[in-house]
Amino acid sequence: MDKESQNRLEHFAALKSKYQATQYEDSLPASLLYLILRKLDLGIELLDLESNWLGESQLEETLEAIKQEQQYRLQEFGNLEFEFSKLKSKYKATKHNGSWRSSHLYFILLKLESGNLLTDLEVQWLRATGLYETNQIAQEVKRFTQLKSQYKATQYQDSYPDSFLYQILKKLEVTERLSDSEYNWLINNELFETAEIFQQQESVKETHFAQLRDKYQANKHLDLSLSSPLYPILQNIDTKDNLSESEINWLEQQGLNETIIIAQELEQTREFAILRYKYKVTHHEDLLPKSHLYKVLKRLDSSNQLGEQDINFLKKRKLTETIEIANEKYASTLKSKIDSGELINESEIDWLEKNGREDIIIVAQQKHFAALKSKYDVLGYQDKSHTSFLYTILQKLELKERLEPTDFAWLQETKIKAPQPTYSYYTWQKEPKYQEKNLVSGKIWIAYHTIEANFYEQEFQRTDNKWNLANASSHWRKADKPEQALQLTNNLEFDKIKENKLKSALLTSRGGAYRDIGKLDEAENCARKAIEYQPKSHHPYTLMGAICFERHQYSDGEYWFQEAIKRGANPRDMDSEIKRVVKNAKDENKRREVIEYLLKKDSQRYAWAKSYLKKSSDNGK
């Protein structure tokens, strides 16, 4: 008989013994029973014919053994599935859907549970499968295992990171002091070597604490325990960390003033070294914080600018690089200030000029000019140069300085393009239209007349000359502040004013202010009184004509305007008053009415009114 046949016979005999079928006489490898027992041993479920054959062959004990084997296998299958589920939950791997039979995960989790370290391939498999939390736990298990080896605690079986021992070992790793309960836990769990390591650490710390107390003159402090607040404070000083305000307060309360002085001197020495490196001080002999150089560098570091005395101090010591750094730092500060939209003052401009930084001055002026153009609504003026005449004028307005006659004349002569308002509902469909306007209009006009009004008010207060009131009142009206004009002339006692021309001028200005705010009856009263005081002046007649047009009494208005022209008024001024009536009309029907009257009277002279008729028509759409 060959060896293979012999092995098969021995295998058949073992299976018959295992499944209680030794009474079956046939021992040939080709036996039907051998086939059935081999299938059972491989965990293959029997067919009905095979089960029936066992019954017919009176192998009841074998059938019972098979039944018990199948029950055991089912139970073991369930146990394995349950254990796998618990491990997945414990090691944060529940999102993995693989079966415990085919997945690598079961084996990996069992390795972790038994405290064995994972191979690099196993770690890579966890990452590739997206089990990042499991991998993190694995890394913690690895660290825990290493710490147990390092601190003589390998006899402790639990390797899961939530172990109380792991927390203790991490403290020992950073030489952090253990609490009494943690130390007692080590003793109770017979981790005596680990506890001894802790005691050694404490002994080293106690020696270190004593050395620090000597070094920083803190020996009079009575609490020598490592739990004393003094120990971490002295450690901070020794590791070159600056003390906090609370730590300094604690030292003061303990009377440890010498310690504070030493700490502050060390802090200043460190700071001085940093400042010397930062500001290129490489050859200065006095390196102590008491040096005046330390104070100079601190001022430079905090304020960005050095005074003349400090600059001279640096010059005498030939610290030219330090001066260059200081100047560049201050120049950068000024540039940042300009970039943020702030204005630089005269002293800053002087500094820039002295240090040859005209480039920054020019940038500042250009930005200031752009800001002023925006403020005074003249962005249409194309010249952006800081040398522009407009920039000079806008600076005067900004400083509330009076303009020279030449300034005002230049503004009148200079025109810019400004967007023309459109009144169509579908404005987004149209290209913007532009119109030319004088620079002396809009916000510049308001600013100019406001400055003039204030000037004449001050002149009146200085001289008591009431002609200044008339001028101030006129300028307040042009500055679109008629209420201010009325306030100036509210309490005038006309009976005490001897000069009729002055009375007429004051009343005309007051009447104009009333007209501006829509009080036409009061305006008319002032105009008529002004005519009584000076019948030959054209100004009150012009006012009467404007009042009549405001009331839509056009023929009366024409009469008063003609009377004004007879007394020297310019016909263009009359047209300006009429244009103002048209422009300021709030009732569209009234506006149309006056426009139609003007065009019917003289379509060429009043051709400008057509544009207002068009605006009125567009607004109605």
* Identify, with sequence neighbours excluded, every residue that meets side chain to side chain contact (heavy atoms under 4.5 Å, CB included) alongside K375. => E398
* Apply side chain to side chain donor-acceptor pair (under 3.5 Å) to N184 and list each qualifying residue two or more places apart in sequence or on a separate chain. => none
* Give a yes or no on whether the ring-centroid distance for H475 and F455 is below 6.0 angstrom. => no
* **Salt-bridge present (D359, R357; N to O < 4.0 Å)** => yes
* Counting N and O atoms only, with roles assigned by atom type, does the side chain of R510 sit under 3.5 Å from a partner on the main chain of L486, one being a donor and the other an acceptor? -> yes
* Would you call the rings of F408 and W445 parallel, tilted or perpendicular, where under 30° means parallel and over 60° means perpendicular? -> tilted
* Asked: Taking the six-membered ring where the residue is Trp, are the ring centres of Y166 and Y160 under 6.0 Å apart?
  -> no
* Structure fact -> The side chain to side chain donor-acceptor pair (under 3.5 Å) partners of S244 (sequence neighbours excluded) come to S246, E247
* Are the side chains of R143 and E173 in touch, meaning some heavy atoms are under 4.5 Å apart? -> yes
* Could you give all pairs that pass the salt bridge (charged side-chain N to carboxylate O under 4.0 Å, His left out) test and reach residues 456-467, with sequence neighbours left out? -> E459-R462
* **D516: salt bridge (Lys or Arg N to Asp or Glu O under 4.0 Å) partners, not counting sequence neighbours** => R477, R580
* **Ring centres under 6.0 angstrom apart (W185, Y156)** => yes
* According to the interplanar angle, ranging from 0 to 90°, do the rings of F209 and Y231 count as parallel (below 30°), tilted (30 to 60°) or perpendicular (above 60°)? -> tilted
* Who are the side chain to side chain donor-acceptor pair (under 3.5 Å) partners of D383, not counting sequence neighbours? -> none
* **Check ion pair K354-D350 (N to O, under 4.0 angstrom)** => no
